K.L.:
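Dropping the structure in here first, questions after.
Just so it is clear, the model here is predicted, and its values are computed rather than measured.
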Amino acid sequence: MSRYEDLARVAADVSPILRGDDGEPVFREPWEAQAFAMTLVLYEQGLFTWTEWATALSAAIKQAQGVGDCDDGLTYYQHWLAAIEQLVGDKGIATEQALAARRDAWDRAAHATPHGQPILLENDPLG
């Protein structure tokens, strides 16, 4: 059984992870794979239980649907990030201000990164 099967099982109860013919998760963008991996690492470090993760992911999806999310799968990993941020905040790991500052830094870095190059925080012109 692969390392992420527990995560896939828990996510399936909320919203199944898209998988390829080989059974592995499919990601449209590198950041989606990073969000997936970050979830595994935070779980393995004991930040949350799978039950807490499923609850947070479900709440993030329901909140997005409540404000008109297109619910076509394109925003799936945005919900993952929202769930991670919620759990990190709830557990006192980072404040909303710290999370907002990091989002802003990534946005600036993305805009300062030439097309086709990896986005790195070091590319943030204010960093």
Side-chain angles (χ1 to χ4, degrees):
M1 182 175 289
S2 70
R3 170 176 182 236
Y4 60 82
E5 284 305 314
D6 283 339
L7 176 57
R9 180 184 46 74
V10 171
D13 292 340
V14 176
S15 183
I17 296 169
L18 180 62
R19 294 180 184 232
D21 293 337
D22 60 1
E24 296 294 315
V26 174
F27 307 103
R28 287 185 322 275
E29 300 286 339
W31 71 266
E32 294 177 345
Q34 291 169 341
F36 186 90
M38 188 174 10
T39 303
L40 285 172
V41 169
L42 292 173
Y43 167 78
E44 289 168 352
Q45 291 180 350
L47 180 65
F48 49 78
T49 67
W50 284 139
T51 300
E52 290 173 311
W53 167 250
T55 299
L57 179 59
S58 177
I61 291 171
K62 286 178 184 172
Q63 181 179 6
Q65 289 170 336
V67 294
D69 184 73
C70 59
D71 206 16
D72 62 0
L74 294 176
T75 56
Y76 185 64
Y77 284 100
Q78 290 175 8
H79 308 317
W80 279 61
L81 289 177
I84 291 170
E85 288 182 356
Q86 184 65 48
L87 286 168
V88 165
D90 289 350
K91 302 288 183 166
I93 305 300
T95 65
E96 177 54 39
Q97 294 82 6
L99 292 171
R102 184 53 57 103
R103 282 190 299 269
D104 291 345
W106 274 110
D107 187 54
R108 289 188 303 269
H111 284 91
T113 300
H115 181 72
Q117 298 296 312
I119 299 170
L120 304 172
L121 267 178
E122 294 81 31
N123 294 343
D124 176 5
L126 301 181

K.L.:
More than 12 heavy atoms of other residues, nucleotides or ligands under 6.0 Å from CD of Q65: yes or no?
P.N.:
yes
K.L.:
Taking only residues two or more places apart in sequence or in another chain, which ones pass side-chain hydrogen bond (donor to acceptor under 3.5 Å, both in side chains) with D104?
P.N.:
none
K.L.:
Would you say the side-chain atoms of Q63 pair up with the backbone N or O of A59, donor to acceptor, closer than 3.5 Å?
P.N.:
no
K.L.:
Is the Y76 ring parallel, tilted or perpendicular to the W80 ring (thresholds 30°, 60°)?
P.N.:
perpendicular
K.L.:
Checking the side chain of T55 only, and the main-chain atoms of T51 only, is there a donor and an acceptor separated by less than 3.5 Å?
P.N.:
yes
K.L.:
Apply side-chain contact (heavy atoms from CB on, under 4.5 Å) to Q78 and list each qualifying residue two or more places apart in sequence or on a separate chain.
P.N.:
W31, T75
K.L.:
What are the two closest non-hydrogen atoms of A83 and A60, and how far apart are they?
P.N.:
N-CB, 4.2 Å
K.L.:
Could you work out, with side-chain contact (heavy atoms from CB on, under 4.5 Å) as the rule, every residue matching Y43, not counting sequence neighbours?
P.N.:
F48, W50
K.L.:
For A35 versus I84, what's the shortest heavy-atom pair and its separation?
P.N.:
O-CD1, 3.8 Å
K.L.:
Within this structure, what is the CZ-CG distance for the pair R103 and L99, rounded to the nearest 0.5 Å?
P.N.:
5.5 Å
K.L.:
Could you list the residues that satisfy side-chain hydrogen bond (donor to acceptor under 3.5 Å, both in side chains) with R102, not counting sequence neighbours?
P.N.:
none
K.L.:
Residues in salt bridge (charged side-chain N to carboxylate O under 4.0 Å, His left out) with E122, at least two apart?
P.N.:
none
K.L.:
Can you name the side-chain hydrogen bond (donor to acceptor under 3.5 Å, both in side chains) partners of Q117, sequence neighbours left out?
P.N.:
none
K.L.:
Drop me the distance from I93's CD1 to E85's CD, to the nearest 0.5 angstrom.
P.N.:
14.0 Å
K.L.:
Apply the hydrophobic cluster definition, ILVMFWY joined by side-chain contacts under 4.5 Å directly or through others, and give me every member besides I119.
P.N.:
W106, L121
K.L.:
Test of understanding: with salt bridge (charged side-chain N to carboxylate O under 4.0 Å, His left out), list the residues that count as partners of D69, not counting sequence neighbours.
P.N.:
none
K.L.:
Tell me whether the count of non-hydrogen atoms from other residues, nucleotides or ligands lying under 6.0 Å of CD in E96 goes above 12.
P.N.:
yes
K.L.:
Just wondering, more than 12 heavy atoms not from D22 lying within 6.0 Å of its CG?
P.N.:
yes
K.L.:
Who are the salt bridge (charged side-chain N to carboxylate O under 4.0 Å, His left out) partners of K91, not counting sequence neighbours?
P.N.:
E52
K.L.:
Using side-chain contact (heavy atoms from CB on, under 4.5 Å) as the criterion, list what pairs up with N123, not counting sequence neighbours.
P.N.:
A109, T113, L120
K.L.:
Sequence neighbours excluded, which residues qualify as side-chain contact (heavy atoms from CB on, under 4.5 Å) partners of Q45?
P.N.:
V41, L42
K.L.:
Minimum heavy-atom separation for H79 and A64, please, with both atom names.
P.N.:
CE1-CB, 3.1 Å
K.L.:
Yes or no on side chain to side chain contact (heavy atoms under 4.5 Å, CB included) for L74 and R28, after CA distance, side-chain angles and deciding distance?
P.N.:
CA-CA 9 Å; L74 294 176; R28 287 185 322 275; 3.7 Å; yes
